[in-house]
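Below is one structure, written out as structure tokens; comments come after it.
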Amino acid sequence: MAVDIQGLSDNARKTSINELNACLADAIALGLAVKQAHWNVKGRNFIAVHELLDDVRDNLNEQIDTFAERVQVLDGVAKGTAQIVAEGTTLEPYPTDLTKVEDHIKALSERMRVYGKKLREAIDAVSDAGDEGTADAFTAASRTADKDLWFMESHLE
Ligand SMILES: [Fe+2]
């Protein structure tokens, strides 16, 4: 059922749906990478990093749900299938030959930076189009991404 949102232009709605689905693909891809690291990481600080990565994943799960549900509010179709995510993500494929804590943290941080940049660009795009509600969701996600980047990189020596 279409939701009529007073005062939101069609262009704003479409811009937001596109930006939300683009960030959804990256958040899902990043979430998978985080689990890949959580399972395979070894070495010093193992338990701290292993547990931290579950927190990072929980945060991403919340963002994923927020983005997908906001698409529904805007009367769009949330696109989160494996095939669409694999095609749509701008993140580099996550390597499967890493084990060391440092290597996993570096690989994840690189991707978290790309995701953080994407979120900031999305904030601007949807604000310019006039959808402050979606901008607010991206702003919250961006703040969390920045914090999780800090937490992860704190494990580098
Ligand atoms: Fe686990």
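Start at 1 and go down the list; that is how both ligands and their atoms are numbered. Computed from a prediction, not measured in an experiment: that's the story for all the values here.
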* Evaluation steps, side chain to side chain contact (heavy atoms under 4.5 Å, CB included), between Thr134 and Thr15 -> CA-CA 10 Å; Thr134 300; Thr15 301; over 6 Å; no
* **side chain to side chain contact (heavy atoms under 4.5 Å, CB included) evaluation trace for Lys35 with Asp54** => CA-CA 7 Å; Lys35 269 295 182 186; Asp54 259 347; 2.7 Å; yes
Pairs under 3.5 angstrom only: tabulate donor-acceptor contacts from the side chains of residues 91-98 to other protein residues two or more places apart or in another chain.
from: Tyr94; atom 1: OH; to: His104; atom 2: ND1; distance (Å): 2.6

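In this structure, Phe151 has no ring-ring contact (aromatic ring centres under 6.0 Å, His included) partners at least two apart in sequence or on a different chain. Scanning for side-chain contact (heavy atoms from CB on, under 4.5 Å) contacts around Ser142 gives Leu119, Arg120, Ile123, Asp146, with sequence neighbours left out.
Each protein N, O or S atom less than 2.8 Å from the Fe ion (ligand 1) was counted, giving 1.
Salt bridge status for Glu87 with Lys79: absent, with no side-chain N to carboxylate O gap under 4.0 Å.
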